Amino acid sequence: MLRFGLCCMFREQPVSFAQTTARHLESMNRPAQLAKLSALCTENLNSLLAALKWIDSRDIRAFRVLSPLFPRYTHPDVGYSVADLPGADQVAALSSRINRYRREHDIRLSLHPDQFNVLSSPRTGVVEKTIEELEYQGMLAELIGAEVINIHGGGAYGDKTAALERFASNFRLLSKRVRKRLTLENDDLTYSPADLLPLCRRLKIPFVYDVHHHRCLPDRLTVDAATAACMETWVGRGQEPYFHISSPRHGWHADNLRPHADYIDPVDVPSIWLPLRATIDVEAKAKELAVVRLMDHFGLRASDA
DNA sequence: GCATGTCAAGTTGTG
DNA sequence: CACAACTTGACATGC
């Protein structure tokens, strides 16, 4: 059975996540910073629980958690750890409530660190900051029970083979809790499925197949072949494979295919996916409305309000 | 109050 | 060589 997932936020449902900036925090003393950060973390965990309850009511069984759930956690000047927060106990209690909820309601959680995280970079400072961010996400994943931390291959620097070798050696520097959750996704500019699959097999990293990126950056593999290869990389981890779907905002004949549309055109969903047991994250700007519409289309009817 | 510019971070490709 | 695109709002500031 296919499982469709919502990414990070809502268009209409009144569930939102709070943020702050380092600049603003720097205008306060340390106790005031920690008080504000503690309030934001608590607020965001409450929002996450509300998000899971809403998607559960629509039979949506996967959710991508936004990276800054704990705002500015790894910032060099204002960063912190959960134990530093005045509300540390509440943060821990809310996190385990979320973890129990997603377990009892069969909801998959994933994380997707953004483009600043580059394990293939030749710059040691970039790799160090990437590792720090991934370790934060590993800590968060453990708290709330997220299965997957999904990243891209990063830059090519004129030599993809050498870059992926740096990825491989830096991968070994990660803690076990990050390594056992890390996945690799093809992007729309640099690394195609054919580029990444050998590395995924070698390091036993599951491959997340984004078919829209594949259509932007094709390789010798067909959609069917990439799908099958993706599925195989997940066997060792014993989890459902992840796919990503989106539709081009300006159609398939536009100059730029990369911007995402509000909704998914169902014909963009590969028909070979339909009978699979897999999770498809829906990357669409209309957010929950797009997920519900797509599930309706395929007869995976979400219950009505 | 409301509008507008900014936000920690990397890399690539375009203008 | 500088800057926008990735993704996206939401926050902070200033009028």
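Keep in mind that the numbers below use all heavy atoms, side chains included, and drop hydrogens, waters and symmetry copies. The model shown is predicted, which means the values in this text are computed figures rather than measured ones. Order of the sequence lines sets the chain letters (A, B, ...), proteins ahead of strands, with each chain counted from 1.
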Pick the [atom1] atom in [N] and in [M], then give their distance to the nearest Å.
| N | M | atom1 | value |
| --- | --- | --- | --- |
| B/dA8 | C/dC11 | C1' | 15 Å |
| C/dT8 | C/dA4 | C1' | 15 Å |
| C/dT7 | B/dA3 | P | 28 Å |

Report all interatomic pairs (protein N or O, nucleotide N or O of nucleotides 12-14 of chain B) with separations under 3.5 Å.
residue: B/dT12; atom: OP1; partner: A/Ala156; partner atom: N; Å: 2.6
residue: B/dT12; atom: OP1; partner: A/Tyr157; partner atom: N; Å: 2.9

Partner of B/dA9 under the Watson-Crick or G-U wobble criteria, both distances under 3.5 Å, comes out as none

Calculate, to the nearest 0.5 Å, the distance between atoms CG and CZ belonging to A/Asp59 and A/Arg3 respectively.
11.5 Å

Answer yes or no: does a side-chain N or O of A/Lys287 lie under 4.0 Å from OP1 or OP2 of C/dT8?
yes

If you compare every side-chain N and O of A/His24 against the phosphate oxygens of C/dC11 (OP1, OP2), does one of them come in below 4.0 Å?
no

Salt bridge present between A/Arg64 and A/Glu283 (N-O < 4.0 angstrom):
yes

Salt-bridge present (A/Glu104, A/Lys53; N to O < 4.0 Å):
no

Side chain of A/Arg72, base of B/dA8: donor and acceptor closer than 3.5 Å?
yes

Do A/Thr183 and A/Arg237 have side chains that approach each other closer than 4.5 Å (heavy atoms only, starting at C-beta)?
yes

Tell me what A/Lys36 touches on the nucleic acid: a base, only sugar-phosphate, or nothing, going by heavy atoms under 4.0 Å.
sugar-phosphate

Candidate nucleotides [options], ranked by approach to the side chain of [X] - the nearest:
| X | options | result |
| --- | --- | --- |
| A/Thr21 | B/dA9, B/dT11, C/dA12 | C/dA12 |
| A/Pro122 | C/dG9, B/dC7, B/dT11 | B/dT11 |
| A/Thr74 | C/dA10, B/dA8, B/dA9 | B/dA8 |

Applying the side chain to side chain donor-acceptor pair (under 3.5 Å) test to A/Thr74, which of A/Glu132, A/Glu133, A/Lys129 qualifies?
A/Glu133

Report the residue from A/His112, A/His212, A/Glu185 that forms a side chain to side chain donor-acceptor pair (under 3.5 Å) with A/His244.
A/Glu185

Could you give the CD-to-C1' distance, from A/Gln115 to C/dT7, as a whole number of Å?
7 Å

Roughly how many Å is it from CG in A/Leu40 to P in C/dA12, rounded to a whole number?
8 Å

Six-ring centre of A/Tyr157, A/Arg166 cation under 6.0 angstrom, axis tolerance 45°
yes

